[in-house]
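Keep in mind the model is a prediction, meaning the values are calculated, not measured. Letters A, B, ... mirror the listed sequences (proteins, then strands); counts begin at 1.
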There are 2 protein chains.
Amino acid sequence: MTKTNRIPLNRDRVLAAAVALADNGGLESLSMRKLAQEFGVVPMALYKHVANRQALVDAMIDVVFAEIELPDATGSDWKTAMRRRAHSVRAALLRHRWAVGLMESRENPGPPNRRHHNATMGCLREAGFSLRDAVHVLSALDSYVYGFALQQKTLPFDTAQESREVVERVGRRIDADAYPYLIEVTTELAKSGYSYDEEFEIGLDALLAGLTTLELQN
Amino acid sequence: MTKTNRIPLNRDRVLAAAVALADNGGLESLSMRKLAQEFGVVPMALYKHVANRQALVDAMIDVVFAEIELPDATGSDWKTAMRRRAHSVRAALLRHRWAVGLMESRENPGPPNRRHHNATMGCLREAGFSLRDAVHVLSALDSYVYGFALQQKTLPFDTAQESREVVERVGRRIDADAYPYLIEVTTELAKSGYSYDEEFEIGLDALLAGLTTLELQN
DNA sequence: ACCTGAACACCGTTCAAGT
DNA sequence: ACCTGAACACCGTTCAAGT
């Protein structure tokens, strides 16, 4: 490595580069060695700024949490607030798909993570939910939002157009006699496509409607 | 490798050993090299039975799907059937935590996967849901079940006792002035613990209740 | 104080060779 | 037909050394 006048490394630049790498190629393509290369630096130079790869990923999760809009405890009704929160979480996970499945994995959450959960619990408590019921509402919504993001991440198509192509390709290989209901659904989806946005909304509406029961018990 | 009278390798034995390894140490601890060692065989010997590591994991997913109980289309009402299915999926994912997040990731699902989705769609269609509504119900339930499994997998405690310990440890490090609602919830959970089973049931009830709206539209 | 270089113990997978 | 051995291009992380 020749002596050049590089901007010195710092934690934020390392994190930003790591997030960019993972956004492009997924978490498994983010290696300490590639990340070092981004800065024209030897891999070991990174270890001054992050303890190890796991600590790097943990810090990246906080970057994602920081992008999520905080629910407003004193504003509109809880359903509107929770709906906005769900959309904000989903949007962040679509920008950073590598983070899907890792959002709740840290034993020591960073400040953005704490701020987020504190604000969300605050919103529900101020809306009149008992503590246990607020936990139930948050747990159910998080499960739904994270699970939906998981399916969108792992399913092999993204747009309605792609869905038609994949479904058609898969459908052609299905034994129609053995799996009549699969044929039915692939035929329909191949014809009219599939919108993740609509699907997300419908399930979210159903869940929020179902959770109203908890509200009425207070 | 000395010449011994080994049972010859075959696909099923390879898969079973791979699942056992992943059950114990997680997916990242399942390497082709370690798997080969289980059989006292050189890594390359495995490549006669699986194309590569990705194909191995894909086949393992089918092993998990095969363990899930098929919903009965002609039996009880759809809510009961979907509730049983949700429990069966969750149970399989608790036995095989490495599979959480991978269940819907294959472009070419194997027979157990197809049987499962065909039976589930069949159950909903026979219950009177329109095709699109059956898709909505299945998508919402899968999101919830997979998302819940994800949180249980990644959250750093399992039993109610462990939850108390972790929550107490984490709680001690929280700034009470900055995060009052977090303090409130950690205090409560440290006192009375947290049961994943109860939590799962409450959210599932709410979602099923909310999905009834779709049923009434038919 | 900060960065480097060599080394260690791992990976998945290739290719050509052995029996 | 089935298994092997050596090799290649990667990993994360250590340690001791350089400036």
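Here the P atom of nucleotide D:dT13 and the CG atom of A:L56 are 10 Å apart, to the nearest Å. For B:L46 and C:dT13, the CG to P distance is 11 Å, given to the nearest whole Å. If you take CZ of B:R11 and P of D:dA1, they are 19 Å apart, rounded to a whole angstrom. Atom-to-atom, CG of B:L35 to C1' of C:dG12 comes out at 13 Å; the value is rounded to the nearest Å. One atom, OH of A:Y47, and another, P of C:dG5, lie 17 Å apart when rounded to the nearest Å. To the nearest angstrom, P of C:dA1 lies 9 Å from NZ of A:K48. Atom-to-atom, CZ of B:R53 to P of D:dC11 comes out at 16 Å; the value is rounded to the nearest Å. The distance from atom CD of B:Q54 to atom C1' of C:dT13 is 14 Å, rounded to the nearest whole Å.
Relative ring orientation between A:Y196 and A:F148 is described as perpendicular, the plane-to-plane angle rising above 60° on a 0-90° scale split at 30° and 60°.
With pairs defined as Watson-Crick or G-U wobble and both atom distances under 3.5 Å, the stems of at least three pairs that touch DNA chain C come out as C:4-8 with D:12-16, C:12-16 with D:4-8.
Among the protein residues, B:R33 comes within range of the nucleic acid bases, having at least one heavy atom under 4.0 Å from a base atom. Using a 4.0 Å heavy-atom criterion, one finds that A:M32 contacts the sugar-phosphate atoms exclusively.
A:R84 has no carboxylate O lying under 4.0 Å from a charged side-chain N of A:D72, or vice versa, which leaves the two without a salt bridge.
By the 4.5 Å heavy-atom criterion applied to side chains, A:V64 and A:M60 are not counted as neighbours.
Between A:S29 and A:M44, it is A:S29 whose nearest contact on DNA chain D lies nearer the 5' terminus.
Aromatic ring centroids of A:H117 and A:F65 lie under 6.0 Å apart. For A:F129 and A:H136, the distance between ring centers is not under 6.0 angstrom. Ring centers of B:H87 and B:F200: under 6.0 Å apart, within the cut-off.
With sequence neighbours excluded, the residues satisfying side-chain hydrogen bond (donor to acceptor under 3.5 Å, both in side chains) with B:R132 are A:E188, A:S192.
Nucleotides C:dA9 and D:dA9 are separated by 22 Å at their P atoms, to the nearest Å.
Side chain of A:N52, nearest nucleotide from D:dT13, C:dC11, C:dG5: D:dT13.
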